[in-house]
Structure formats: structure tokens, C-alpha cells
S.K.: 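Questions regarding the structure given below will be posed in turn.
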Amino acid sequence: MPKRIEFPFSDLIAGYVTQFNTSTDKFTVKTSDGREFEVGLTATTYAEIIRNLGEGYQDAGDMRAMLVPGRFVFAYGIFYPDGPDGEYLFDAKHIVFAGRAENQYVFEKPDWWVKQIEQLGDFYIESQFDYSKDHDIDYSEYRTNLTISGIKKAAGIQETDTISRLVYGFATAYMMTGKEIFLEAATKGTDYLRDHLRFQDKSEGICYWYHAVEIKEDGTEQKLFTSEFGDDYDAIPCYEQIYALAGPTQTFRITGDPRILDDIKGTINLFNRFFKDQTEKGGYYSHIDPITLSAHAEGLGRNKAKKNWNSVGDHAPAYLINLYLATGAEEYADMLEYTFDTITAHFPDYDESPFVQEKFFDDWSKDQTWGWQQNRAVVGHNLKIAWNLTRMYGLKPKQEYKDFAQKIGDMMPDAGCDRQRGGWWDVVERIVPEGQKYHRFAWHDRKAWWQQEQGILAYYIMEGVYGDKPEYLNYAREGTAFYNAWFLDTEEGGVYFNVLTSGIPYAMGTERGKGSHSMSGYHSFELCYLAAVYTNLLVMKEPMDFYFKPMPGGFPDNILRVAPDILPPGSVRIIEVWLNGESYNNYDADALTVTLPADRSEDLKIRVRIVPSSVHFSADLVEVVDGVAKIALEGNLDSKGLKYLQDVMASVKEQKATAIEFDMIQLEAISSEAVRYLIFTKQKLGSNFNITIIGAAGQVKDAIQNSEFNYAVTMK
């Protein structure tokens with residue numbers, strides 16, 4: 001066996017530029033864990049900027065000028081084993097930059113994730129429903145399996161989980177964009193689940209969900225009550241019932257439909273009566289028998305009286321946090337606390353491994369012989385625990401939640417991250433045998449899209465909430481750069497299921513498609529939503545807009561709760577609300593609630609702008625009609641708020657407006673710097689570009705008149 005590789009091979013290096021040598025045309029990159037590589041440029045090396053879904057190729061231009069110290073890059077190229085003294089030489093063939101500016105990360109732009117989720121929504125609308133003016137959204141046409149290009153496979157299976165996860169995606173896309181087609185898809189999908197896949201047992205006061213329905217060639221349905229998959233065969237797995245609520249709950253946040261809440265309550269009754277261990281041991285069982293609804297039935301085989309990560313930990317992210325956000329009900333806060341206390345009590349296993357223990361017997365002793373899991377770790381589950389513990393810390397700031405989350409945050413980069421190339425591994429052996437250095441991969445060294453999501457969200461929220469470990473922001477950015485550089489299918493749309501360790505898409509078997517038992521519109525949409533929330537509201541201090549469409553009488557007391565996630569108390573507030581496009585003032589800024597009009601017979605479209613508490617100014621491009629851009633300003637326009645107005649002005653230019661109307665009715669104050677900005681902007685736009693100012697009063701009006709800017713504009 002040769003002691004070194006004696007042939008060229010391709011690979012990826014990710015890291016931070018430390019120097020560029022113009023005489024040798026080589027630069028040095030330091031990886032996340034501090035190793036340095038010298039990278040050569042060749043006559044055929046090309047470079048681009050990370051691009052979003054829906055964007056064309058973004059050429060980097062003069063890549064040598066961009067190779068400045070501190071800039072984060074990916075370099076894909078060839079290792080040659082023919083350097084001096086047996087060293088490897090590495091020539092880059094493809095370079096990807098995280099942004100054009102030296103310290104820029106394009107995915108931290110305020111609208112990056114909004115644009116991405118809209119593209120994802122459009123992809124799944126077209127793929128599942130062939131939507132057009134002549135073709136409506138019809139869930140009888142939905143199929144679980146999609147090819148890599150989004151074409152439905154012939155098999156007529158409709159799984160409850162995958163429909164629900166796609167409904168979650170559509171509902172979330174509506175919350176971020178206000179695009180009506182997404183809400184239509186979410187509400188129709190929720191109705192389809194209720195009409196075709198819901199099983200109500202009114203005598204028991206419970207609701208549960210079929211595993212799937214098979215659509216036959218003659219249009220009739222064959223309902224599949226129990227799971228058809230080997231891990232859960234002929235049982236009712238807890239995680240399927242959990243994820244059946246993901247889409248309807250997110251839709252409920254938008255509409256307040258009481259029928260959805262009834263289904264959610266019935267399913268929670270199922271969890272608490274039949275999945276929950278009512279003894280002092282506590283927790284939730286992973287499976288119950290379909291006939292007796294018992295977790296102790298002999299027919300469950302290896303799943304008899306077992307508990308696992310999914311049966312305890314998946315409640316919070318899939319539906320329970322969103323249900324609490326929509327209702328504010330203490331019973332759901334208590335259930336959240338119960339699940340997180342259970343995780344904190346039983347999942348740490350740091351005397352044995354840097355990874356949590358995931359499967360358990362009835363008494364919480366370790367089950368390290370079950371099926372494929374054995375004594376293996378799913379990297380993403382560890383990251384998911386850190387992310388969700390930190391969310392819960394905003395509601396119940398227990399020190400043990402923070403300590404456990406940061407324990408994971410500190411250990412996972414070395415244990416579960418690819419520190420040379422970027423990205424998070426999949427499944428690894430929990431223990432490194434004596435004489436070995438690395439955790440062995442269970443099957444492969446590929447990287448799954450959903451596990452990248454867990455890492456991105458974990459480190460962004462830990463940076464935003466705790467803020468005491470600066471390396472967390474680096475981990476967040478490195479993981480997000482890897483995801484956006486290599487997982488986005490910018491040709492066909494959607495995201496890839498898996499990529500090779502070097503970022504190249506893996507397109508084999510069940511991992512080839514954009515829809516399967518394992519993949520639907522959940523993790524990629526959830527990533528867009530919460531990455532935007534954490535980066536904008538917690539890290540970059542940017543405002544965000546959210547959309548709701550409450551039905552008449554839906555929410556109790558006509559109170560719409562609009563908190564985007566469980567965030568630290570006092571960290572964000574409402575700055576502006578629009579009702580059917582008109583400014584609306586009946587809201588509690590700090591409580592993050594909107595009081596809806598009581599006398600109404602139609603749905604209302606509510607748009608809410610939420611800002612970090614440190615932000616006191618809002619600029620909104622209301623519309624561009626016949627070339628006239630209408631911009632509403634609210635709050636105190638000082639030097640800190642000026643960047644938000646500049647962002648809006650950039651959008652005005654993109655839409656080629658020929659005039660502007662500034663609505664300053666709600667503008668309380670304006671600084672001299674902001675007035676100078678308006679004067680300079682008017683000069684650059686030209687004498688033929690008309691600016692109208694409406695409603696300026698008090699200090700705002702005085703400042704404009706004192707500058708004599710009023711002579712260059714129309715005042716109303």
C-alpha cells in the first residue's frame with residue numbers, strides 16, 4: 001500500500017486569503033481550522049460571485065485584484081503530487097467569491113433569502129401543478145416524487161408528510177413575499193390534507209393522519225394507514241404525525257382558520273395520550289401500534305417502547321414553536337419547556353462522544369443496536385438541538401439551555417464539519433476507535449441540504465442571541481457560503497439533495513430528485529425564512545416585512561400575533577403596519593401584536609414591518625405606478641436610518657421610476673445629513689426628475705425649508 005497518493009486529483013479548498021504573490025501568480029488560503037494552502041492561478045482559471053436562484057452567472061471580473069487578505073473564497077482545482085521535496089502543488093480552476101466587496105457576504109443582503117424563497121415557491125408551484133392561467137392548483141395532481149428537473153414521477157403516491165412540508169413552504173413563502181399564489185397553494189394544500197388524509201376519532205377526542213394515499217389510474221384512492229417504510233413498517237411513527245402538522249400550523253399563523261386549530265389540538269391529544277410516557281420516566285415514544293395505539297405492543301418489534309430524537313425533539317421546529325407564536329398560549333409554552341427539559345436531561349453523552357445520544361430504551365438507557373443507527377451520529381441533529389435550544393432560551397432563559405447549545409456549538413466544527421472545504425457531514429460513527437484520528441463515515445462523505453440548514457441557523461441565532469463567541473459568526477458565514485455556492489440549482493431550479501464533499505451535485509438514486517419521501521418544501525423554505533430573520537433582525541440590524549391574511553373571526557379577540565420567531569425579549573418591535581395597502585395604527589409595537597378591525601366580512605391583507613429595537617426609521621417603496629415611485633417614510637430619519645432610504649432608492653432606480661412622491665406624514669424628524677442626501681439625490685436625478693413631498697410638518701418641514709430644498713421640489 002503506497003504511503004502517499006501518487007496521482008493528480010481534484011478537490012476543493014475553502015478559506016480566507018492571507019496573501020497574493022503577483023510574481024508567482026499564487027495566493028495563500030487559510031482554512032477554517034487554521035491550515036494554509038498555496039493556490040496557483042492558471043491561464044484557464046475563472047472566478048465568479050455566489051449567485052442566487054433566478055440569477056445568471058456573476059463573473060468576478062479581475063479576480064487577482066479581489067484576492068486581498070481576509071476575503072473568503074472557494075478554490076476548486078487539481079492537486080499534483082510533483083512539487084519539490086514531494087510536496088503537493090494545487091492549481092485552482094474555479095474560484096467562487098462570497099461577495100464583490102472585500103468584506104461582503106452576498107447572502108447577508110436584506111432581500112437575498114426573500115428572492116430565494118420566491119424562486120423556490122415558483123419552482124414547486126410549476127412542478128407539482130403545471131400552474132398557468134388555464135390550469136388551477138389541484139392537489140389531486142400532487143406527487144411525492146420529483147425528478148431533478150421537477151418532473152413528476154409516474155407513481156401515484158401522496159405522502160402526508162411531504163404534502164404538509166410543501167404546504168409549510170408555500171405558507172412561509174407567502175409570509176415573506178405576500179405573493180397570493182403561495183397562500184392559495186398553502187390553503188388548498190391544508191384543505192386537501194383535511195379532506196383526504198385526516199382520521200378523526202371523535203370518541204377518543206383525537207386526530208391522526210394517514211401515512212399516504214395512493215391515487216389509482218381510475219382516480220380512486222387507496223388510503224395507507226401505517227408507514228410503508230422499513231424503519232417504521234406497519235406502525236404509526238411519531239415523526240410522521242408531527243410533520244403532518246407543519247404545513248397546517250404555518251398556514252394557521254397567517255389565516256387563523258379555527259378548523260386548523262381544531263386539527264392541531266386533536267393531534268396534540270394523540271401525542272399526549274398515546275405517545276407520551278405518562279410515568280416518571282417521561283418523554284415521547286417513537287412508535288405506536290395502529291390497532292391498540294400502544295407503544296408497548298409486541299407487533300412493533302424493534303420499535304417497541306423506544307424513544308428517540310425525532311419523537312421528542314421534532315415537535316418544536318415542526319409545529320410547536322409556530323403554534324405558540326400564533327396563539328401565545330401557555331399550554332404550548334409548557335409543552336415546549338417539557339420537550340427541551342427532556343432533551344437537556346437525556347441527550348448529552350459527552351463522556352462517550354462529542355455527539356448526543358439519539359435513540360433510547362423505555363428507561364432512557366442507550367439503544368446503540370437499533371437498525372441503521374447503531375452507535376452513529378446524525379450531525380444535523382446535534383446542530384438542530386443547538387439551534388432550537390437557543391430559540392427556547394428566548395422564552396425560558398435557563399442556563400442549562402445556553403450551556404448545552406454552546407457545548408454543541410463549540411464541539412461540532414471539529415467533530416462534524418469539513419474544515420477544508422466547508423459544509424457539514426451526514427452520518428458518522430460516534431466514537432473514534434483507538435489508533436484512529438477521524439470519525440468514520442457511516443456510508444459516504446456526501447453532504448445533505450437539510451443538515452447545512454441546521455448549521456446555518458444554529459450559528460446565526462447563537463451569534464444573534466448570545467453574542468459572546470465571535471467564531472460563531474464565522475461558522476455561520478462559512479456554512480451559508482457553502483450552501484449558496486453549491487446547493488442551489490441555478491439551471492433547473494430548487495436545491496440539490498446531496499453534494500459530494502467537494503460541492504459537486506450528487507445525482508444518483510433517491511438522492512437525484514427534488515421530491516421524495518425525504519425531500520419536499522420544508523428545510524429549504526425554512527432556511528430562507530429563519531436565515532433572513534436571524535441575519536436581518538439579530539445580526540445585521542435590518543428591517544423585515546411579513547404578510548398575513550387573517551380570516552374574519554379567526555384569531556380570538558381579533559389579535560394577530562406577528563412575532564417572526566422566538567427572539568430575545570425586547571430585541572425587535574413593530575414600526576409600521578399596512579392593512580390592504582393603507583397605513584394602520586392599531587398595533588402594540590413591543591408586544592408584536594396587531595388588533596384587527598372587528599366589523600369585517602372579508603379577509604384582510606396585513607403587512608407588518610418589524611425592526612431591531614435599535615432602529616427608529618422605516619422607508620417603504622409602496623408602489624411604482626406610471627413611473628411614479630411612492631415612498632412612505634416613518635420615524636426619525638438620521639444618519640443611522642439613512643442606509644434604509646438608500647436601499648429603497650436603489651430599488652426605485654432598478655424599476656426605472658421617472659418621479660418620486662415622498663409620504664412624510666409619519667416622519668417625526670430629519671437630520672441635516674439626511675436633508676443633504678435628498679438634495680444631492682435630486683441633483684443626480686436631474687432637473688426633469690420630479691420629487692413631491694407630502695405631509696411634511698414640524699421639524700421635518702422646517703429643516704426642508706431652511707435648506708431651501710422646498711424650491712427644488714413640490715410641497716403638498
Side-chain angles (χ1 to χ4, degrees), residues 4-5 7-51 57-109 413-414 417-424 447 455-456 459 463 469-486 500-504 539-540:
R4 68 189 302 271
I5 297 173
F7 54 83
F9 61 92
S10 61
D11 212 331
L12 181 69
I13 300 172
Y16 301 87
V17 176
T18 58
Q19 63 175 338
F20 175 58
N21 189 326
T22 56
S23 62
T24 62
D25 213 22
K26 294 182 178 181
F27 65 98
T28 304
V29 170
K30 181 180 287 188
T31 60
S32 176
D33 56 355
R35 292 172 295 117
E36 288 196 332
F37 290 86
E38 188 176 62
V39 180
L41 300 178
T42 74
T44 55
T45 305
Y46 70 102
E48 62 175 312
I49 310 295
I50 290 175
R51 52 177 149 158
Y57 174 77
Q58 306 287 315
D59 192 83
D62 186 355
M63 61 181 157
R64 289 168 176 81
M66 296 180 69
L67 292 169
V68 297
R71 187 189 287 276
F72 186 79
V73 299
F74 294 102
Y76 183 85
I78 314 295
F79 279 100
Y80 296 98
D82 56 3
D85 300 322
E87 294 180 0
Y88 288 93
L89 300 179
F90 182 77
D91 285 347
K93 295 299 181 183
H94 179 199
I95 294 175
V96 181
F97 292 101
R100 289 197 180 277
E102 182 177 337
N103 297 313
Q104 182 190 50
Y105 293 86
V106 290
F107 42 78
E108 289 180 348
K109 292 180 179 179
D414 287 333
C417 182
D418 185 347
R419 304 297 293 278
Q420 174 179 317
R421 308 167 189 86
W424 297 92
K447 300 162 186 173
I456 292 166
Y459 286 100
E463 162 65 19
K469 297 195 175 186
E471 62 269 26
Y472 286 173
L473 183 57
N474 289 338
Y475 296 147
R477 285 170 166 170
E478 291 163 9
T480 313
F482 187 86
Y483 179 85
N484 281 287
W486 308 113
L500 300 177
T501 187
S502 59
I504 296 173
V539 178
M540 305 305 293

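The first residue in the sequence is number 1, and the count goes up from there.
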S.K.: Who pairs with R100 by side chain to side chain contact (heavy atoms under 4.5 Å, CB included), at least two apart in sequence or on another chain?
M.R.: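 R100 satisfies side chain to side chain contact (heavy atoms under 4.5 Å, CB included) with I49, Q58, Q104 only.
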S.K.: Who are the side-chain hydrogen bond (donor to acceptor under 3.5 Å, both in side chains) partners of Q420, not counting sequence neighbours?
M.R.: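 Partners of Q420 under the side-chain hydrogen bond (donor to acceptor under 3.5 Å, both in side chains) test: none.
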S.K.: Are side-chain heavy atoms of I456 and Y483 found at a separation under 4.5 Å?
M.R.: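 Contact flag for I456/Y483 side chains = yes.
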S.K.: So, K93 and D91, do they make that salt bridge, N to O below 4.0 Å?
M.R.: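 Salt bridge: no.
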S.K.: A side-chain contact here means heavy atoms from C-beta on lying under 4.5 Å apart; do V29 and F27 qualify?
M.R.: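 Of all side-chain heavy-atom pairs linking F27 with V29, at least one is under 4.5 Å.
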S.K.: Output yes when E108 and R477 qualify as a salt bridge under the 4.0 Å nitrogen-oxygen rule, no when they do not.
M.R.: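 So E108 pairs with R477 through a salt bridge.
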S.K.: Atom NZ of residue position K30 - does it have more than 12 heavy atoms of other residues, nucleotides or ligands inside 6.0 Å?
M.R.: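 At most 12 heavy atoms, drawn from other residues, nucleotides or ligands, come within 6.0 Å of this atom.
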S.K.: Between the side chains of D59 and Y57, is a donor N or O closer than 3.5 angstrom to an acceptor N or O?
M.R.: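 Yes.
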S.K.: Among residues at least two apart in sequence or on other chains, which ones pass side-chain hydrogen bond (donor to acceptor under 3.5 Å, both in side chains) with S32?
M.R.: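 Checked S32 against side-chain hydrogen bond (donor to acceptor under 3.5 Å, both in side chains); matches are R419, E478.
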S.K.: Are the side chains of L41 and F20 in touch, meaning some heavy atoms are under 4.5 Å apart?
M.R.: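 They are in side-chain contact.
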S.K.: If you compare all heavy atoms of L89 against all heavy atoms of G83, which two are closest, and at what distance to 0.1 Å?
M.R.: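 What the structure gives for the nearest pair is CG-CA, 3.8 Å.
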S.K.: Would you compute the distance between atom NE2 of H94 and atom OG1 of T44 and round it to the nearest 0.5 angstrom?
M.R.: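 With rounding to 0.5 Å, NE2 (H94) is 12.0 Å from OG1 (T44).
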S.K.: What pairs meet the ring pair (Phe, Tyr, Trp, His ring centres under 6.0 Å) rule with one or both residues in residues 63-83, with sequence neighbours excluded?
M.R.: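 Residue pairs with at least one partner in residues 63-83: F9-F79, Y16-F72, F72-F74, F74-W486, F79-F90.
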S.K.: How about T22 and R64: do any of their side-chain heavy atoms sit closer than 4.5 Å?
M.R.: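 Side-chain contact under 4.5 Å: no.
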S.K.: Please walk me through it: do L473 and V539 pass side chain to side chain contact (heavy atoms under 4.5 Å, CB included)?
M.R.: CA-CA 9 Å; L473 183 57; V539 178; 4.1 Å; yes
S.K.: Using a 4.5 Å cut-off on heavy atoms from C-beta on, say whether the side chain of I13 contacts that of T31.
M.R.: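 Yes, side chains in contact.
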S.K.: Going by heavy atoms in the side chains, are V73 and V96 under 4.5 Å from each other?
M.R.: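 Heavy-atom side-chain distance check fails, nothing below 4.5 Å.
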S.K.: Mind listing the closest non-hydrogen atom pair of A92 and T45 along with its distance?
M.R.: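 In this case the closest contact between A92 and T45 is O-OG1, 2.6 Å.
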S.K.: Could you tell me whether the side chain of T18 reaches within less than 4.5 Å of the side chain of F37, counting heavy atoms only?
M.R.: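 When only atoms from C-beta onward are counted, T18 and F37 do not touch, as no gap falls below 4.5 Å.
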S.K.: From Q19 CD over to E36 CD, what is the distance, rounded to the nearest 0.5 angstrom?
M.R.: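 CD of E36 is found 7.5 Å from CD of Q19.
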S.K.: Does any part of the side chain of D11, heavy atoms only, come nearer than 4.5 Å to the side chain of S502, both counted from C-beta?
M.R.: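 In contact.
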S.K.: If you look at every heavy atom in Y472 and Y459, which pair is closest and at what distance?
M.R.: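 Of all heavy-atom pairs spanning Y472 and Y459, the closest is O-CB, 3.4 Å.
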S.K.: So which heavy atom on I5 is nearest to which on Y88, and how close?
M.R.: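 Looking at all heavy atoms of both residues, the closest pair is O-OH, 3.0 Å.
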S.K.: Residues two or more places apart in sequence or in another chain: which of them pass side-chain hydrogen bond (donor to acceptor under 3.5 Å, both in side chains) with R71?
M.R.: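 side-chain hydrogen bond (donor to acceptor under 3.5 Å, both in side chains) list for R71, sorted by chain: empty.
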S.K.: Tell me, please, which residues at least two apart from D418 pass side-chain hydrogen bond (donor to acceptor under 3.5 Å, both in side chains).
M.R.: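 Applying side-chain hydrogen bond (donor to acceptor under 3.5 Å, both in side chains) to D418 gives R421, K447, T501.
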S.K.: Heavy atoms only: give me the nearest C417-W424 pair and the separation to one decimal.
M.R.: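 Smallest heavy-atom distance, with atoms named: CB-CZ3, 3.4 Å.
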S.K.: Compare every heavy atom of P8 with every heavy atom of I78, then report the nearest pair and how far apart it is.
M.R.: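 In terms of heavy atoms, the two residues are closest at CG2-CB, 4.1 Å.
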